[in-house]
Amino acid sequence: MGKRRLTSRAIAVQNLRRRPMRTLCMVSFVALLSFVVSGGSLFSYSLLNGARSMSARLGADALIVPLGYEKNAEGALLRGEPSTFYFSGELSERLMHAEGVVRASPQLFIASFNSSHCAFPAQLIGYDPRTDFTIGPWLEEKMPGGLPDGEVVVGNLVSRKRGDDITFFGRTYRVAGRLDKTGMGFDTSIFLNMNTARAALADYSQYAEKPVTDVGGAVSSITVDIKDGADHSKFARETREYFKGDLVGVVLTQTMIDNISKDLGAFLSIVTVLMAALWALDVGVLAILFTVTFNERRREFGIYRVLGATRRKLRWIILSESCAVSVAGAVAGVFSLCFFVFPFAPLISRTIGTAYLQPSPEVLSVILLASLLVSFVTGPVASINSAAAIGRMSACEALKEV
Amino acid sequence: MKMLVVRGLCKEYRRGGGTFYAVRDAAMSVGDGDFVCISGQSGGGKSTLLNMIAGLLEPTSGSITSGGRELAGMNDYELSLYRNERIGYIPQGQSILPNLSVIDNVLLPFYLYKKTGDPTGRAMTLLDRVGIAHLAEAYPAHLSGGELKRTAIARSLINSPKMLLADEPTVDLDPRNAEEVMKIFSDISRDSAAVILVTHEANSARWVARRFSMESGILKETT
């Protein structure tokens with residue numbers, strides 16, 4: 001027979017083990033709270049992180065695109081939704097010198113096909129290294145010296161590494177590098193310089209139902225920096241008006257980010273309120289469970305008193321039980337989060353349709369630790385009433401109960 | 001020095017607008033090795049008296065001295081320590097903790113305060129003495145009434161108390177088990193611990209050296 005030591009903790013654990021259904025029920029409540037708090041916090045932080053990343057990555061005041069393709073441009077940038085649209089080279093030349101523009105650079109968007117001559121459906125983004133001021137600077141971090149013709153750089157979620165080959169429209173390209181995670185559509189996109197992009201567009205044209213008429217000059221969007229101090233909305237309005245006959249649309253990036261931030265703010269408020277409500281609900285439910293359990297066990301606690309347990313000792317037993325429930329629940333909740341949420345982050349990102357960037361391991365640790373702490377205090381807070389009732393309990397009265 | 005001295009002990013309750021005396025001016029003294037029985041009808045105040053002696057209930061007036069120390073004025077810690085170290089108390093009815101095994105129930109009083117020694121060995125010896133050593137790892141749900149009572153007796157002895165208090169220890173037991181339990185108490189008193197037994201059963205009283213009766217809160221020594 002092994003040596004035993006019946007500490008408050010050991011007694012509490014034994015009490016919980018001998019009532020598995022009741023314990024499971026209480027642990028599940030805390031686990032649910034832990035899952036929602038850690039998941040909600042992670043989700044909120046990732047959205048904010050995504051918005052910050054997007055703001056940093058877009059780097060231009062406006063995108064000028066063919067009229068009617070504004071949403072396609074947003075979809076390509078935010079969610080990586082493959083899309084092909086363009087206007088003529090002649091129009092793009094005029095747009096680059098429009099009133100109010102201080103800096104402009106063309107980009108070419110080509111959607112690959114789900115067919116044997118393409119590796120997979122993706123958004124190919126061609127940029128002009130001579131004029132580019134949005135993609136080039138952060139591509140430069142990975143590719144000092146620029147991207148050579150015939151090579152591509154892939155987004156973080158594309159399953160290719162440096163040195164791999166990748167085929168689009170029957171042509172094979174070498175992967176020159178892979179970008180850091182952005183939480184945006186860039187993570188699933190393929191980047192090429194304008195020469196390579198024009199070659200890809202020519203290949204695309206051969207397979208497309210409707211061939212491209214101006215392969216050499218076609219441009220999908222023009223990234224634009226507007227003159228300092230100018231009213232961006234006025235610029236958009238006047239550009240649309242000036243190029244009315246050419247069917248031009250303007251996407252203001254700040255407006256796009258503001259709209260997302262506004263939606264995000266409302267969403268985060270809801271998440272925060274829901275987390276607080278769930279915490280209060282959890283405390284309430286656990287408090288009821290502890291109170292009911294305490295009333296059921298009054299005689300048991302009376303016996304502890306008879307045997308010489310102080311009121312303080314009984315409070316420790318109650319608190320040890322609630323702490324054990326909280327620890328088990330909090331860990332189970334966070335473990336579930338790690339098991340279910342992290343592997344599905346790319347899916348979540350695609351489903352919610354906006355920039356979603358999980359935090360760094362350091363920030364993640366802080367979020368998980370904070371969630372563990374919030375969940376952990378739930379049990380002790382919920383058991384305060386029961387622990388206090390112990391102090392008021394008459395052992396003689398308790399012993400009379402069957 | 002007497003093990004227990006009770007003087008002018010009263011416990012009154014307010015009931016139905018009047019005063020009800022559960023115990024009225026009780027007095028008794030108990031020495032080492034005394035085997036005392038307090039008998040009487042249910043509701044006569046026996047359990048109330050026992051609870052006051054155990055420090056579980058505060059008297060309205062009077063004094064209880066155990067081992068030279070007055071219980072009145074002791075704080076919760078001192079009273080709890082007194083119950084744990086100086087007395088062994090067997091409450092009325094089933095008093096074994098359902099979530100602990102038999103051996104853990106017996107060991108529990110030892111671990112409530114810091115002590116030295118080999119509690120497991122002593123617990124096994126006590127279980128052997130009451131005849132249920134083979135049930136050490138069993139849980140209360142699987143024990144009969146007699147086995148539960150024996151567990152409670154073993155538990156009450158784990159800290160080698162100077163005084164054993166037993167409230168109706170043979171109620172609900174069949175005659176053979178009741179006889180065996182009374183024999184254990186008799187043996188304990190011979191080991192120099194005072195035993196105070198409360199019962200309403202006349203049969204139990206024949207084992208003891210000193211008898212008290214209690215009716216309507218009034219305690220009288222009958223032998």
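The figures that follow rest on heavy atoms only: side chains count, while hydrogens, waters and symmetry mates do not. Within every chain, numbering begins at 1; the chains are lettered A, B, ... in the order of the sequence lines, protein sequences first and strands thereafter.
Only the side chain of B:L97 comes within contact range of chain A, judged by heavy atoms closer than 4.5 Å. B:Y113 touches chain A through its side chain: at least one heavy atom from C-beta onward sits under 4.5 Å away, while N, CA, C and O do not. Residue B:E85: no heavy atom, backbone or side chain, is found under 4.5 Å from chain A.
No more than 12 heavy atoms of other residues, nucleotides or ligands shown are found within 6.0 angstrom of NE2 on B:H142. Counting non-hydrogen atoms of other residues, nucleotides and ligands closer than 6.0 Å to CZ of A:R9 gives a total of 12 or fewer. By the 6.0 Å contact criterion, OH on B:Y13 is enclosed, its count of non-hydrogen atoms from other residues, nucleotides or ligands being greater than 12. Heavy atoms of other residues, nucleotides or ligands lying less than 6.0 angstrom from CD of B:E70 number more than 12. Heavy-atom neighbours of A:F29 CZ from other residues, nucleotides or ligands within 6.0 Å: at or below the threshold of 12.
With values rounded to the nearest 0.5 angstrom, B:I96 atom CD1 is found 7.5 Å from A:I303 atom CD1. From B:S95, atom OG reaches atom CD of A:E300 across 12.0 Å, with rounding to the nearest 0.5 Å. Distance check, rounded to the nearest 0.5 Å: CG of B:N99 to CZ of A:R17 gives 10.5 Å. Going from atom CD1 of B:I103 over to atom CG of A:L6 covers 9.5 Å, rounded to the nearest 0.5 Å.
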A:L307 and B:R83: CA distance, side-chain angles, deciding distance, side-chain contact (heavy atoms from CB on, under 4.5 Å) verdict:
CA-CA 6 Å; A:L307 300 179; B:R83 274 196 297 279; over 6 Å; no

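The shortest heavy-atom contact between A:V306 and B:P91 is CG1-CG, 4.0 Å. Taking both residues in full, the closest heavy atoms of B:Q92 and A:R299 are given as O-NH2, 2.9 Å, listed atom of the first, atom of the second, then distance.
Within residues 148-162 of chain B, the residues having any heavy atom closer than 4.5 Å to a heavy atom of chain A are B:R155, listed by residue number.
Applying the side-chain contact (heavy atoms from CB on, under 4.5 Å) criterion to A:N156, with sequence neighbours excluded, gives A:K181, A:D187.
Applying the side chain to side chain donor-acceptor pair (under 3.5 Å) test to residues at least two apart or on different chains, the pairs with a partner in residues 278-293 of chain A are A:W279-A:T378.
A 4.5 Å side-chain heavy-atom check between A:K313 and B:S80 finds every atom pair outside the cut-off. When side chains are defined from C-beta on, A:R312 does not count as touching B:Y77, because their heavy atoms never get closer than 4.5 Å.
Comparing B:I90, B:L165, B:L108, B:I87 by how many heavy-atom pairs each has under 4.5 Å with chain A, the most go to B:L108.
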Can you give each donor-acceptor pair under 3.5 Å made by side-chain atoms of residues 52-60 of chain B, sequence neighbours left out, with the distance rounded to 0.1 Å?
residue : atom : partner : partner atom : Å
B:T60   : OG1  : B:E12   : N            : 2.8

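Contact check on A:R305 versus B:D76 returns a salt bridge, with a Lys/Arg side-chain nitrogen under 4.0 Å from an Asp/Glu carboxylate oxygen.
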